[in-house]
Amino acid sequence: MVVPFFVPLIIAVLAIIVGVIAFFAGVQYRKKVAEAEVGSAEEEAKRIVSEAIKTAENKKKESLVEAKDEIHKLRSDVEKENKERRAEVQRMERRAQQKEESLDKRADKIEKKEEELQGKINDADKTLQEAETIKRHQFEMLEKISDFTAEQAKDYLLNSLEDELTHDKAMRIQSYENHLREESDAKARDIIAQAIQRCASEHVAEITVSVVPLPNDEMKGRIIGREGRNIRTLETLTGVDLIIDDTPEAITLSSHDPVKREIARIALEKLIQDGRIHPSRIEEMVEKARKEVEHKIKQDGDRAVLETGVHGLNPELVRLLGRMRYRTSYGQNVLDHSIEVANLAGVMAAEIGANVTQAKRAGLLHDIGKALTHKIEGSHVQIGVDVAKKYKENADIIHAIEAHHNDVEPKTVVACLVQAADAISAARPGARRENIENYIKRLEKLEEITNSFEGVEKSFAIQAGREIRVMLRPELISDDQMAITAREICKKIEAELDYPGQIKVHCIRENRAIEYAK
């Protein structure tokens, strides 16, 4: 059977219409269900609100009851506390009243005692007045008997007592000074004697010439060379004068620089030994001799450090010490002098409990500036200070170098020890050389400088010129002026006179009274 084409279309339209009707029916149903649920929810909300209102009213009533109970309780506590405080206040009032009564009683007793004391004071005043009257009468009687007023008698007694005390004080001071001076002098002599005995160095005066022996007189001509070229080359390279005279088999080398003289001596000895003498060979030998002397300088510096036990020196300072082997002062070798000063200072430091290491170090370096005086202008003291500062020496060592000739006042024990050791080493007989003519001139100049001062009666140079004893006129120079005069004499001597070591200026002022008993 054939189905017409519009039948499915009708069925579809019917299905759509049925679906639409079912949809609207469902919507209406859900709307009714929702309205029912909303209504039940509103009723439930009203019920909950009413129950909450009832609960709140119940809570409010319960809170009011509890608040009333709490107020009642607090009121009872406050009343109880007030009662206790009233009782305490009453007790305190009773105690205060009792204390007030006790204080009143004490005040009465004190008043009575004051009245009694006032009476005693009045009696004491009367007694004191009577005593003063008696004392005044006694003073009047004493004044009549002694012919002195009270003030005059007081002045007389005070003056007498002052004179006695002044005399006693002066006697005691003089006694103490004499005792201390004797002890200190004896101790100093003992320490110096021990130091000298333990350090007895030999001294040989050095000169400014060296003599080189020759195997024969024919060598003189070879040294001179053709038209004198060899001797000129040698003198030019070394800076030394060669003196070739009639002295048999010897040549004299003359120079004030010991290093140059030593280089020339070594070079000349090598040339004589080698036999080949010409300008190029001379240059070669002079260079070898210079290196040899430099090596010897290093060895001498190391020997000085090892001999004195001074360690930790800068290598350049050690080299400068070695150069002092070729430096002299008044004929005394400066390196030997420095070693001796180091040993003397160390011995004396050990005797008095000072720092031995610092004393030896300062003594060894005190003349280090003399190694550079031919290169740098200035005194050897200032040069030594600058060198020590350059190589970071200790401040005490630098001060000892600066103070060893009193350029500055010595402020440490080490500086004083180095100064003393330097004087001992220089002043020892034979240590330094000075011809008799210069010696006499120096003594005469010393006395001339001293006699030029006003108030000097006469002066005497003693102790080989290391002390000048000055006799002062007491009518022109007072005790206070004596110290000033001594200082001015020292300054003038330092400014006008050259001398080794130091010179002691000893001023004497003496008053004499001579009478004859007949």
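Position 1 is the first residue of the sequence, and the numbers go up from there. Bear in mind the structure is a predicted one, so any value in this text is a computation, not a measurement.
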If you apply the rule side-chain contact (heavy atoms from CB on, under 4.5 Å), what do you find for V456 with M471, and how did you get there?
CA-CA 6 Å; V456 175; M471 312 301 293; over 6 Å; no
Scanning both residues in full, the closest heavy-atom pair of L364 with A342 reads N-CB, 3.6 Å
Can you sort out the partners of [X] under side chain to side chain contact (heavy atoms under 4.5 Å, CB included), two or more places apart, ordered by chain and number?
X	answer
S379	V381, Q382
E393	L313, L317, R361, L365, A388, I397, I398
Q419	N406, P410
E448	K445

Using a strict 4.0 Å threshold on nitrogen-to-oxygen distance, state whether [X] and [Y] make a salt bridge.
X	Y	result
R290	E287	yes
E488	K491	no
K296	E292	no

Is there side-chain contact between [X] and [Y], with at least one heavy-atom pair below 4.5 Å?
X	Y	answer
D422	H405	yes
K288	E284	yes
E294	I297	yes

Provide the full list of ring-ring contact (aromatic ring centres under 6.0 Å, His included) pairs with a residue in residues 257-315, sequence neighbours left out, each pair given once.
none
Which ring-ring contact (aromatic ring centres under 6.0 Å, His included) pairs, counting each pair once, include a residue from residues 345-367, with sequence neighbours left out?
H337-H366, H366-H404
Side chains of S338 and K370: is there a donor and an acceptor less than 3.5 Å apart?
no
Given side-chain contact (heavy atoms from CB on, under 4.5 Å), test I282 with I277 step by step and report yes or no.
CA-CA 7 Å; I282 290 172; I277 304 175; 4.3 Å; yes
